[in-house]
Each structure stands twice: as C-alpha cells, then as structure tokens.
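Residue numbers count from 1 along this sequence.
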Amino acid sequence: MATASTSLQKRDNIPELLLVRAMAIIGVLSVHSTSFATVDMVNSNYFFLYNFFNIFMKIGTTTFIFLSSFVLFYNYYTRPLDKQLLGSFYKKRLLYIIIPYLVFSLFYFTVLHYIYYPDRTLSTEVHNFIDKVLTGKAYTHLYFVYINIQFYLMFPLFLWLMKKYPRTVKWAIPAGIALQWGFFMLNKYGLETPVPNRGSWSFSYFSYYLLGAALGIYYPKIKEWIIIARNHATAARVITWIALWACWIAAGLTHVYLYYETRLHLDSFNSTLFDLVWNIHGVLTALVLMQLAFILSRKLPKILTKLIARLGALSFGVYLIHPFFLLIYRQHPLDTGTAWLLHLWYLGGFVLALIGSWIVVGFFARYVPFNWIAFGNLPKTKKRPSQPVIPERQLDA
C-alpha cells in the first residue's frame with residue numbers, strides 16, 4: 001500500500017497529452033470520413049490512399065482507451081482510496097460521461113428515425129432505443145463511450161489491487177494482453193455462440209487499458225525512456241526508440257496491406273491475424289503518439305501548439321458530434337464522373353467533420369451554460385494559463 005506521504009504527493013501536469021488527444025481524434029475522423037470511400041472508390045487508382053488513411057489511422061479508439069487509463073492511474077494512484085474519492089469519481093462519470101452519452105444516444109436515434117424509420121410506432125422505437133442504449137448501439141461510434149463506462153465500473157477494483165499489491169503493477173501489461181487474448185480465443189473457439197458485437201466489450205481492449213495503467217503509475221520513473229530528447233539519450237534508449245518506431249511502421253503497414261488485399265483482391269486471411277496485427281499496431285501507436293507529442297510541443301510554433309492542444313481539449317465533444325456532420329454531408333452525394341471532384345468531395349467530408357464539430361463544441365464551451373449536459377466537462381475559456389494543464393476531463397474520452 002502506498003505510504004501516507006506518497007498518497008498525498010501531487011503529480012506534475014502533462015500538457016503534451018492534449019496533443020495526443022488531438023492526434024487521436026484526427027485518426028477517428030480519418031477513419032470515419034473514408035469508410036464509404038473504401039467501398040465506393042475500390043476501382044480508383046487512388047484506392048490505396050483511401051485504404052491507407054482508413055486503416056493506418058485506425059488508432060483513435062485504442063489510443064483514447066490507453067490515454068484514459070493512463071490519466072486515471074496517473075492522477076489517482078497516489079491518492080487515498082476512500083469513500084470520498086469514489087463518490088467524487090462516480091459523480092463526475094455520471095455528469096460528464098453518462099449524461100452526454102444518453103443525450104447523444106437520443107439525438108442520433110431521433111435523427112435516424114426521421115431519416116430512415118418514420119413509419120415505426122412510438123412503442124417500437126422506445127423499446128429499440130432502450131436496447132441500443134444498454135448495448136452502446138444508438139449510433140456506430142457510441143460503442144466507445146459504452147466501453148469506457150465498463151472500464152469506469154472496474155477502475156476502483158484495479159486501483160485497489162495495484163495500491164494494495166504494488167507488485168501487480170509489473171504484471172499489468174502481460175495481464176492485459178492475456179485477458180484480451182483469452183477473451184478473443186474463448187469467443188472464437190470456446191463458445192458455441194460467439195459474443196455478438198465483440199468490439200463493444202471492454203475485454204477486447206484490456207491490453208491498451210492495462211498498458212495505460214502501468215505507464216500512468218510508473219511514468220515519473222520511466223519518462224526519460226518515453227520522451228525523446230538529447231539530454232535523455234543513451235545508447236540503450238536510442239536503440240529502443242528506433243526499434244519502437246520501426247516496429248510501429250511495420251505493424252501499421254502490415255495492417256494496411258491485409259485490408260488492401262482483402263478489399264481489392266478479395267484475399268482471405270484468418271481473423272486472428274487481423275486481431276494480432278491491429279493489437280500490435282494499436283499498442284505501439286499509443287507509445288509513439290506520446291513521444292511525438294513531446295517532439296511537437298518543442299518543435300512547433302507556440303501558436304500552432306496551442307491550436308492543436310485546443311482541439312485535444314475539445315476532442316470528446318468533437319467525437320460525439322462529428323458523425324452528424326458526416327451523416328448530413330452524405331445525404332447529398334456528388335453525382336459526377338470526374339475523378340478529382342470525387343476526391344475533393346471525400347476530402348470535404350473530413351474537413352466538414354473536423355471544422356464543423358470544432359466550431360460547434362468550441363461555441364458551446366465559450367457561450368452555452370450547462371454545456372456539460374451535451375459535451376461533458378469542456379475546458380473553461382476565461383482563464384488563459386501560460387500552458388495547457390491536464391484537467392480530469394482528459395480521461396473522459
């Protein structure tokens with residue numbers, strides 16, 4: 001158990017995590033804005049680009065889960081685990097996660113009803129809505145919030161275990177991999193009826209969750225291995241950094257290749273291979289994006305860093321609302337045989353989802369009272385600290 005002095009220790013802010021969040025939401029937007037193109041543009045000479053951005057950027061969900069866990073354990077591990085902490089923790093989850101989840105579930109369900117199912121009766125729709133809310137299926141992207149709610153329910157148990165038995169932290173990463181792959185293998189080979197919507201259950205993401213837990217707890221001790229900087233460089237660290245980035249690129253390109261061959265040439269690969277490559281790609285991406293965030297924070301102009309950090313601070317709201325812009329945009333497809341206009345149209349979907357969502361969420365953050373009901377704990381805009389801080393909302397998306 002952590003000592004009293006350790007429990008009261010205040011950990012430093014990590015403003016670079018806002019940049020990680022920004023890169024993760026860009027990944028989400030890239031995947032969602034190219035999803036139709038990977039079907040419609042399969043005969044295009046530029047299909048490889050659509051496939052690349054759709055698969056290589058398939059890093060948002062896994063990175064957000066890693067980052068959520070990292071910040072939770074980084075912030076809470078050195079604090080006493082008591083009723084006051086648990087009460088505050090779950091009150092924030094209710095206000096800033098569950099309520100926005102319910103609001104947007106109802107919002108998307110209503111939009112889909114009027115567009116696609118206007119003839120359904122009220123009783124039928126009420127039953128459907130309850131079922132979808134309880135399974136994270138009110139809209140395609142809300143499964144992610146549903147997964148996070150599952151992790152929030154388990155968080156006190158993991159925190160208690162790692163605080164009471166600190167040696168378990170050393171085994172968190174292999175335990176996460178074992179739990180995730182045990183679930184995969186049981187679902188594929190051990191159950192007569194596989195679990196439906198496997199990707200909507202937290203066991204599918206335990207490797208990222210417990211990776212974040214271990215790194216969040218150990219971060220003060222290992223940050224010199226994570227942050228690529230001249231004053232941190234040793235032979236062992238440089239070799240580790242090069243190996244990490246090389247493996248990340250290799251895993252990402254292999255991931256892209258598998259989908260390219262499947263989509264374009266209809267090749268068949270074992271589903272376990274897809275799981276394995278994506279798992280490696282996702283885990284390495286979380287580490288690489290952390291390193292990249294520290295590099296960008298030093299190399300980019302301050303005004304650009306602040307802009308990217310602002311996107312990171314608003315990313316939960318952007319995540320919730322961006323599919324609405326894509327849905328409306330796709331109601332007006334471009335009817336043309338001119339290839340470059342089609343490419344511009346798909347690019348326009350990405351730009352609209354990014355800029356439109358950013359404007360709406362930013363407007364709510366600045367001008368709309370009780371904005372937490374829709375978008376969670378948005379950043380305050382009146383105070384302007386010299387550096388962005390790591391508010392607890394960073395763990396909520």
Side-chain angles (χ1 to χ4, degrees), residues 24 27-28 31-32 35 38 54-55 58-69 72 93 97-98 101-102 104-105 108-109 112 124-158 161 171-213 251 255 258-259 262-263 268-283 285-286 319-320 323 396-397:
V28 170
V31 172
H32 292 174
S35 59
T38 58
N54 185 254
I55 299 303
K58 198 177 178 182
I59 57 175
T61 299
T62 54
T63 300
F64 276 130
I65 290 172
F66 160 81
L67 188 60
S68 174
S69 178
L72 277 172
R93 287 343 95 180
I97 300 298
I98 296 178
Y101 169 71
L102 294 175
F104 270 93
S105 293
Y108 283 110
F109 191 85
L112 292 180
T124 298
E125 289 296 69
V126 168
H127 180 271
N128 288 340
F129 176 71
I130 293 173
D131 176 69
K132 290 182 181 299
V133 166
L134 294 178
T135 54
K137 296 189 293 184
Y139 205 67
T140 54
H141 70 311
L142 292 176
Y143 77 95
F144 165 71
V145 187
Y146 182 68
I147 293 166
N148 261 355
I149 292 172
Q150 296 171 50
F151 279 127
Y152 293 146
L153 292 174
M154 291 183 281
F155 170 68
L157 174 61
F158 282 108
L161 180 66
W171 294 97
I173 296 175
I177 295 172
L179 286 169
Q180 179 173 313
W181 279 90
F183 174 65
F184 285 170
M185 294 299 101
L186 177 65
N187 190 56
K188 186 173 183 177
Y189 299 109
L191 300 178
E192 292 185 8
T193 303
V195 174
N197 303 305
R198 189 192 70 175
S200 295
W201 297 100
S202 59
F203 283 107
S204 296
Y205 306 92
F206 257 96
S207 63
Y208 314 103
Y209 184 74
L210 290 183
L211 173 67
H255 197 191
L258 291 177
Y259 273 90
T262 300
R263 288 168 167 171
S268 178
F269 299 97
N270 192 304
S271 61
T272 302
L273 179 60
F274 283 93
D275 288 333
L276 176 62
V277 173
W278 186 24
N279 194 193
I280 296 172
H281 182 201
V283 166
T285 295
Y319 184 90
L320 289 174
D396 292 338

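In this structure, Y319 contributes its side chain and V28 its backbone to no donor-acceptor pair below 3.5 Å. The closest donor-acceptor contact from the side chain of S105 to the backbone of Y101 lies under 3.5 Å. Although no hydrogens or angles enter the test, the distance criterion places a donor-acceptor pair under 3.5 Å between the side chain of S69 and the main chain of A213. For the pair H141 (side chain) and L320 (backbone), a donor-acceptor distance under 3.5 Å is present. A distance-only check finds no donor-acceptor pair linking the side chain of W278 to the backbone of L273 [under 3.5 Å]. Remark: the backbone N or O of S35 is paired with a side-chain donor or acceptor of T38 at under 3.5 angstrom.
A search for side-chain contact (heavy atoms from CB on, under 4.5 Å) contacts involving N197 returns K137, S200, not counting sequence neighbours. The side chain to side chain donor-acceptor pair (under 3.5 Å) check on W181 picks up N279, with sequence neighbours excluded. Shown here are the side-chain contact (heavy atoms from CB on, under 4.5 Å) partners of F203, two or more places apart in sequence or in another chain: F183, F206. In this structure, the side-chain contact (heavy atoms from CB on, under 4.5 Å) partners of P194, at least two apart in sequence or on a different chain, are N187. Scanning for side-chain contact (heavy atoms from CB on, under 4.5 Å) contacts around L134 gives I130, with sequence neighbours left out.
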Next on the checklist: Test side-chain contact (heavy atoms from CB on, under 4.5 Å) on K58 and Y259; report intermediate values, then the result.
Outcome noted: CA-CA 12 Å; K58 198 177 178 182; Y259 273 90; 3.3 Å; yes
Item to check | Worked verdict on F184 versus T272 for side-chain contact (heavy atoms from CB on, under 4.5 Å) | outcome: CA-CA 8 Å; F184 285 170; T272 302; over 6 Å; no
Item to check | CA sep, side-chain torsions, deciding dist, call: Y108, Y139, ring pair (Phe, Tyr, Trp, His ring centres under 6.0 Å) | outcome: CA-CA 6 Å; Y108 283 110; Y139 205 67; 4.5 Å; yes
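A distance of 10.5 Å separates CD1 of I280 from NE2 of H255, quoted to the nearest 0.5 Å. The CG atom of L258 sits 10.0 Å away from the CG atom of L276 when rounded to the nearest 0.5 Å. If you take NE2 on H281 and OG1 on T62, they are separated by 8.0 Å, rounding to the nearest 0.5 Å. Rounded to the nearest 0.5 angstrom, L211 CG and I65 CD1 are separated by 12.0 Å. For the atom pair CD of E125 and NZ of K132, the computed distance is 9.0 Å after rounding to the nearest 0.5 Å. Remark: L142 CG to T135 OG1 distance equals 10.5 Å, nearest 0.5 Å.
The heavy-atom pair separating T262 from F269 by the smallest distance is OG1-CD1, 3.5 Å. In terms of heavy-atom proximity, L210 sits nearest to A172 at CB-O, 3.3 Å. In terms of heavy atoms, G199 sits closest to I147 at O-CD1, 3.3 Å. The minimum heavy-atom distance linking V283 with S207 is given by the pair CG2-OG, 4.1 Å.
Y146 pairs in a ring pair (Phe, Tyr, Trp, His ring centres under 6.0 Å) with only one of the listed residues (F151, F104, W201), which is W201.
Taking the six-membered ring for Trp and thresholds of 30 and 60 degrees, Y208 and Y205 have ring planes inclined between 30 and 60 degrees apart.
Contact annotation: the side chain of Y209 never approaches that of F66 to less than 4.5 Å [non-hydrogen atoms, C-beta and beyond]. P323 is not listed as a side-chain neighbour of T140, based on a closest heavy-atom distance of 4.5 Å or more.
Annotation: salt bridge (charged side-chain N to carboxylate O under 4.0 Å, His left out) contacts involving residues 185-213, sequence neighbours excluded, comprise R198-D275.
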